[in-house]
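Inspection log for the structure reproduced underneath, given as structure tokens.
Side-chain atoms are counted along with the backbone in the values below, which use heavy atoms only and exclude waters and symmetry mates. Note on naming: letters A, B, ... go to the chains in the order of the sequence lines (proteins, then strands), and numbering restarts at 1 for each one.
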2 protein chains.
Amino acid sequence: MARVSLKDLAKHLGLAEGTVSRAMNNYPDISMATREKVKKAADALGYRPNNTARRLATGRAEAVAYLMPTSHSAISTPFVSQLLQGLGDALAMRGWDLMVVQPQAAEDELETLRKLVASGKVSGVVMSRPSKSDSRIEFLKKSGFPFIVHGRSRDAEGYAWYDVDGRQAFADAVDHLASLGHQRIGFIGAPSYLNFAQDRVDGYKDGLVANGITFDPDLISVTELTDEGGERAALDLLNDTAPPSALLCVNDVQAIGALSAIRNKGLVPGEDVSVIGYDGVWMGRHTNPPLTTLAQPQAHSGRQLGDMLLSIIDGGNPTDFQVLRRAELVRRKSDGPPRALTPKIQTNSREEIS
Amino acid sequence: MARVSLKDLAKHLGLAEGTVSRAMNNYPDISMATREKVKKAADALGYRPNNTARRLATGRAEAVAYLMPTSHSAISTPFVSQLLQGLGDALAMRGWDLMVVQPQAAEDELETLRKLVASGKVSGVVMSRPSKSDSRIEFLKKSGFPFIVHGRSRDAEGYAWYDVDGRQAFADAVDHLASLGHQRIGFIGAPSYLNFAQDRVDGYKDGLVANGITFDPDLISVTELTDEGGERAALDLLNDTAPPSALLCVNDVQAIGALSAIRNKGLVPGEDVSVIGYDGVWMGRHTNPPLTTLAQPQAHSGRQLGDMLLSIIDGGNPTDFQVLRRAELVRRKSDGPPRALTPKIQTNSREEIS
DNA sequence: AGCTATTCCGAAACCGCTTTCGGATGCAAG
DNA sequence: CTTGCATCCGAAAGCGGTTTCGGAATAGCT
């Protein structure tokens with residue numbers, strides 16, 4: 001039951017440790033015969049190399065870390081488990097390990113990263129949700145440590161990333177809404193230090209100018225990435241004197257909150273006011289009404305991220321690994337042409353205001 | 001920029017490596033003075049101990065692994081990211097690492113576990129979603145390796161676990177429904193090799209006998225843990241000649257699917273047929289109608305699991321760590337008294353059947 | 001048979017840190 | 001001026017592998 005070490009194995013075979021080691025690792029200078037013999041004995045005795053020792057000796061960690069996003073109301077990070085799964089698959093191909101590390105509240109996340117890199121525990125890092133100008137990215141670039149970003153910062157130069165084009169997506173969404181006849185399109189956003197949030201407002205504005213609609217700052221409301229956030233923001237916008245006829249939300253969970261807000265105001269989402277979300281979470285099919293959204297092609301993002309990171313660790317040039325995917329508008333029932341202002345809405349607004 | 005090793009530090013200070021090491025680790029036989037001096041020099045030079053070397057020397061892994069559930073349609077495992085977060089927090093208190101490992105498709109999960117235990121990479125394991133009689137648990141028990149289970153198997157003896165009492169919960173739910181007047185209560189379940197699925201049917205049956213309702217096997221439908229699964233199963237049950245007036249679902253995502261099925265049949269959930277789910281996912285607040293559910297107190301389960309595992313690794317007796325929490329019925333709008341059979345329903349049923 | 005070229009394996013150093021053990025030093029007590 | 005005890009620190013032996021280097025044995029050639 002005690003663990004068998006290389007030494008045990010060697011003694012058992014009457015060979016030197018070094019020989020056994022090389023046999024196990026398929027060195028060319030070991031005869032086919034002894035190589036076979038060693039391997040057979042190895043799994044007869046149930047030998048498992050001690051990974052820690054191996055790591056120390058080789059200097060390779062054979063592991064990568066996933067840096068958990070900091071703002072993690074589980075609700076806003078349903079993608080984590082999918083991503084980890086994909087990452088795990090990619091790493092498993094080589095028998096590498098996956099560590100997840102969480103910035104400690106006490107120390108800043110940069111310090112967490114520093115320690116991680118210095119510890120030698122992993123040979124690469126993948127991180128999510130970069131901010132507009134992300135100090136973690138700067139640090140990693142400078143250090144030369146292999147890494148890849150899920151998303152990207154404002155300045156996306158000089159490192160590897162995998163992202164979905166939120167800017168394009170929101171421009172598309174505005175196009176769509178405008179073609180439906182909407183002129184007053186509201187935007188529910190997230191704090192713009194998050195780069196994806198910035199991207200998406202940018203897209204929203206792009207779409208506005210492309211359709212000759214002048215930008216009205218009153219039509220934007222920034223809030224948290226939760227359902228309650230979306231609810232509050234929607235209420236805000238809708239209670240305005242000149243409310244929007246459509247709401248673009250920075251993600252689906254906000255959009256779902258917005259749907260509730262609209263219904264609570266006695267209006268019907270998709271008819272009185274259109275709502276479009278972003279992400280394509282499965283729940284969108286079951287909301288009331290089913291949510292029109294910009295769906296990310298995120299099925300295999302984890303796997304991709306993993307493969308790319310591995311290539312970089314192997315010496316690939318990080319800048320060769322920058323992939324931008326496109327989101328797809330999936331129309332369900334929460335969007336439609338604007339309704340002419342009916343007494344109902346006006347009455348309602350007045351009531352809320354007075 | 002090159003990494004500074006213990007040796008460098010020692011040379012720099014004119015001390016022996018051993019001394020420096022003991023100073024860093026607060027050995028009592030190092031004078032306060034040199035201890036201070038060493039530590040100051042350490043972070044002046046930016047010394048970070050190489051974790052791999054430390055592990056090899058001490059024999060402690062200072063890391064635990066989370067065994068990902070195998071059946072992971074991201075949709076059915078939204079809890080993973082929360083759990084990992086909690087685990088991470090618990091481990092961070094000691095500076096330990098968290099590894100996530102995924103059973104490889106090629107080899108069975110037992111083999112994955114064997115390798116993990118033998119590799120010495122971690123000093124403990126937490127696993128989720130045990131089956132009724134789980135070979136992983138048997139293996140771990142036999143091996144004496146520290147572990148804890150999120151959930152439990154049929155025979156919950158001799159190991160540590162943290163679970164929510166699904167049996168009790170479903171009995172409660174039946175009580176509730178019965179008190180509302182329901183007599184034909186349907187059950188949408190999951191494959192019963194999953195122990196939690198078994199628990200919940202058991203609870204369902206308990207509830208039935210407690211309320212003097214005779215069990216009708218036609219009122220049970222087993223399906224996958226997805227929204228489509230719930231949808232299909234609900235349709236099945238509802239199209240029967242004597243359809244149930246209420247549906248108990250093994251989890252919320254199925255319940256959400258069931259809601260859709262009911263609406264698609266032209267019935268109104270919560271009035272024509274009641275639906276109760278299990279889990280308490282945030283989405284339940286936004287479904288149509290809002291979903292009544294048995295909410296798990298899962299907020300800090302990860303943290304708890306982690307703390308318990310750590311205690312076991314420290315030598316605690318696993319059987320001292322078995323905690324059973326209770327789920328809470330949160331009433332929203334998807335349940336209500338049964339409606340007397342109206343022409344509408346009868347017509348509908350006939351139409352579907354013919 | 002004699003010599004060089006291969007093939008295969010053993011010996012030993014090393015990876016970076018921990019920990020035991022004993023020696024040196026300083027100080028109080030005898 | 002010893003003897004006795006703490007107190008501190010240095011030396012060295014691991015932890016369990018990998019990898020370089022060189023030597024022995026075998027094979028190939030003339």
Side-chain angles (χ1 to χ4, degrees), chain A residues 2-39 41-43 45-63 95 97 115 117-123, chain B residues 2-39 41-43 45-63 95 97 115 117-123:
Chain A
R3 302 198 18 189
V4 295
S5 65
L6 218 189
K7 179 151 49 173
D8 299 334
L9 223 193
K11 202 156 26 174
H12 174 83
L13 285 164
L15 291 177
E17 293 182 43
T19 307
V20 175
S21 169
R22 277 169 305 170
M24 292 299 292
N25 294 312
N26 298 316
Y27 273 53
D29 68 342
I30 298 293
S31 74
M32 215 40 174
T34 65
R35 201 183 303 181
E36 295 291 318
K37 206 169 43 181
V38 168
K39 289 193 175 173
D43 60 45
L45 299 201
Y47 167 70
R48 316 270 182 187
N50 175 317
N51 234 277
T52 310
R54 157 189 277 262
R55 280 178 194 180
L56 178 56
T58 60
R60 302 177 225 115
E62 304 202 336
D97 296 328
K115 279 227 279 260
V117 169
S119 75
K121 285 191 272 211
V122 296
S123 33
Chain B
R3 302 199 17 189
V4 295
S5 65
L6 217 187
K7 179 152 47 175
D8 300 334
L9 222 195
K11 203 157 24 178
H12 175 82
L13 285 164
L15 291 176
E17 294 181 42
T19 306
V20 176
S21 169
R22 276 169 306 170
M24 293 297 294
N25 294 314
N26 297 317
Y27 272 54
D29 67 342
I30 298 292
S31 74
M32 217 40 175
T34 64
R35 202 184 301 182
E36 295 292 317
K37 206 169 45 181
V38 168
K39 289 193 176 174
D43 60 45
L45 299 200
Y47 167 71
R48 317 271 180 187
N50 176 317
N51 235 278
T52 310
R54 155 188 277 260
R55 279 178 194 180
L56 179 57
T58 59
R60 303 176 225 115
E62 305 203 333
D97 296 328
K115 280 226 282 258
V117 169
S119 75
K121 284 189 273 210
V122 296
S123 34

Please identify each residue that fulfils side chain to side chain donor-acceptor pair (under 3.5 Å) with B/N26, with sequence neighbours left out.
->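 Side chain to side chain donor-acceptor pair (under 3.5 Å) check on B/N26 returns B/K39.
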On DNA chain D, check which nucleotide each of B/L56 and B/R35 is closest to and give me the residue with the more 5' one.
-> B/R35
Phosphate-side-chain proximity, B/S5 and C/dC15, N/O vs OP1/OP2 below 4.0 Å = no
Can you find a side chain N or O atom of B/T34 that sits less than 4.0 Å from OP1 or OP2 on D/dC9?
-> yes
Looking only at atom types and distance, does a side-chain atom of [X] sit under 3.5 Å from a main-chain N or O of [Y], one as donor and one as acceptor?
X     : Y     : value
B/R35 : B/A23 : no
B/T52 : A/T52 : no
A/T19 : A/L15 : no
B/D43 : B/G46 : no
B/R22 : B/Y27 : no

I need the [atom1]-[atom2] distance between [X] and [N], as an integer number of Å.
X      : N      : atom1 : atom2 : answer
A/N51  : D/dC15 : CG    : P     : 18 Å
B/M24  : D/dC9  : CE    : C1'   : 17 Å
A/I30  : C/dC9  : CD1   : P     : 5 Å
B/K121 : D/dC15 : NZ    : P     : 22 Å
B/R54  : D/dG16 : CZ    : P     : 17 Å
A/L6   : C/dC14 : CG    : P     : 20 Å
B/R55  : C/dC15 : CZ    : C1'   : 16 Å
A/L13  : C/dG10 : CG    : C1'   : 14 Å

Could you grab the distance from atom OG1 of B/T34 to atom CG of B/L13, nearest 0.5 Å is fine?
-> 9.5 Å
Specify the residue among A/M32 and A/A53 whose closest nucleotide of DNA chain C lies further upstream toward the 5′ end.
->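 Result: A/M32.
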Quantify the bending of the helix from C/dA1-D/dT30 to C/dC27-D/dG4 as the angle between its end axes, each fitted on five pairs, to 10°.
->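 One end axis against the other gives 60°.
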Are B/R54 and B/N25 close enough, and set up right, to give a side-chain contact (heavy atoms from CB on, under 4.5 Å), and what steps lead you there?
-> CA-CA 11 Å; B/R54 155 188 277 260; B/N25 294 314; 3.2 Å; yes
What does A/G14 touch in the nucleic acid at a heavy-atom separation under 4.0 angstrom: a base, only the sugar-phosphate, or nothing?
->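 Touches sugar-phosphate only.
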Which listed nucleotide (C/dC9, C/dG16, D/dT18) is nearest to the side chain of A/S31?
-> C/dC9
Hey, are B/R55 and B/D97 close enough for a salt bridge, meaning a charged N less than 4.0 Å from a carboxylate O?
-> yes
Would you tabulate the pairs of protein nitrogen or oxygen atoms and nucleotide nitrogen or oxygen atoms of nucleotides 19-23 of chain C closer than 3.5 angstrom?
{"residue": "C/dT19", "atom": "OP1", "partner": "B/R60", "partner atom": "NH2", "Å": "3.2"}
{"residue": "C/dT19", "atom": "OP2", "partner": "B/Y27", "partner atom": "OH", "Å": "2.5"}

